[in-house]
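First comes the structure, then the notes that go with it.
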Amino acid sequence: MKNIAILGSTGSIGTQTLDVVRTHPELFHVSALAAHTSDVLLESQIEEFHPALAVLTDNAAASRLQQRYRGNTEILGGKEGLLKAAAFPATDTVVTSLMGFAGLAPTMAALDAGKNIALANKETLVVAGELVMRRAKEQGVSILPVDSEHCALFQCLQGEQRDTVEKLLLTCSGGPFRGRSREELQGVSVMDCLQHPTWSMGKKITVDSATLVNKGLEVIEAHWLYAMPYDQIQVVVHPQSVVHSMVAYRDGAVMAQLGTPDMRLPIQYALTYPTRMSSEFSRLDFWNMPDLTFERPNTDVFRGLQLAYDAGRAGGTLPCVLNAANEVAVEAFLQGRLSFLAIYDIIEQTVARRTNRFHPSLEILCEEDAWARRYAGELLERLG
Ligand code: MG
């Protein structure tokens with residue numbers, strides 16, 4: 001029996017993780033759950049899965065639930081509650097599916113407490129890859145990717161020697177605006193953006209997929225997970241999202257992982273690795289499959305990818321600054337306060353303004369994140 005804590009249990013990845021748990025009650029027990037504000041959904045999760053601890057980081061939501069709940073689960077609120085859920089003693093593996101920079105501190109707390117991580121919060125590695133990978137190594141715990149592309153890479157790397165890898169090939173659907181020119185992107189709305197062609201996800205990541213910032217963040221994530229130089233990580237646009245990513249080896253062989261676009265497969269693999277469990281997930285139907293196509297990403301229009309490569313190559317605190325500026329810009333876009341293309345301007349100008357700092361501690365990263373949010377906020381006033 002594996003004890004699992006889920007941070008972000010009411011979001012897209014969190015609820016799908018509970019789907020996996022539900023189908024394998026003999027394998028998993030839920031020890032702790034944490035969410036932000038969704039007290040009603042969290043309460044129904046508590047009733048179904050009986051964790052020892054449940055947390056709402058929003059204090060008002062936490063006290064709402066504390067007032068009406070009469071069961072045995074301990075209910076806590078705030079950031080301290082979240083850190084407690086991350087380090088909860090009975091847990092073996094923590095699924096980190098919080099959104100954005102907010103996932104970093106609880107992931108570090110989980111690592112400090114010696115937990116294995118099933119990582120769905122890519123921003124953690126973007127912001128603090130060096131720190132997080134070092135801490136995991138010191139603690140002798142594993143960080144297994146839940147991100148579909150990185151799970152695909154992980155599967156394609158099984159049983160191979162790392163120094164025989166020529167390239168990691170990260171596939172990318174291209175998002176809802178693939179093929180459009182800059183002019184055609186001028187007036188796109190939030191609604192246009194949220195119509196992702198192949199995957200159904202949370203709002204922030206759906207906007208990131210449209211800007212290709214998501215793919216840029218994934219390049220940085222892959223760099224840290226697999227200790228691969230940026231020159232050996234290549235993005236391939238593949239609109240059908242059937243090939244989830246590939247690894248090219250030095251003899252010319254390319255290994256690919258294919259599947260339907262269902263996040264429950266990477267979640268289950270991360271939780272049961274090295275065992276492959278049976279599943280009821282839908283199967284690929286080769287007789288009714290669209291033609292699989294591959295193309296080069298257009299980085300002149302979708303500048304997010306190049307901005308992320310540049311920040312990743314620079315290293316230090318710049319990926320943290322890029323991430324914070326993106327979070328601020330995406331939030332403003334979702335609120336209708338910023339145009340789609342101006343997301344890139346906010347990111348670019350914020351990163352250009354800041355001097356890099358190398359080998360940052362968690363404290364320094366928090367400082368840089370706060371600075372970048374302030375600065376991006378000021379830019380918004382001017383550009384928005
Ligand atoms: Mg992904």
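Atoms within a ligand are numbered from 1 in the order they appear, just like the ligands themselves.
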Between Thr293 and Gln240, do the side chains contain a donor N or O and an acceptor N or O under 3.5 Å apart?
yes
Quick check on side-chain contact (heavy atoms from CB on, under 4.5 Å): which of Leu33, Thr91, Thr93, Thr96 does Ile6 satisfy it with?
Leu33
Which of these, Met263, Gln268, Arg264, sits in a side-chain contact (heavy atoms from CB on, under 4.5 Å) with Pro266?
Met263
In chain order, what residues pass the side-chain hydrogen bond (donor to acceptor under 3.5 Å, both in side chains) check against Asn116, with sequence neighbours excluded?
Ser142
Applied to residues 102-119, the salt bridge (charged side-chain N to carboxylate O under 4.0 Å, His left out) test, sequence neighbours excluded, yields Asp112-Arg135
Counting no waters, what protein N/O/S atoms lie under 2.8 Å from the Mg ion (ligand 1)?
Asp147 OD1, Glu149 OE1, Glu218 OE2
Which residue pairs satisfy the side-chain hydrogen bond (donor to acceptor under 3.5 Å, both in side chains) criterion with at least one member in residues 217-228, sequence neighbours excluded?
Lys122-Glu218, His150-Glu221, Asn214-Glu218, Lys215-Glu218
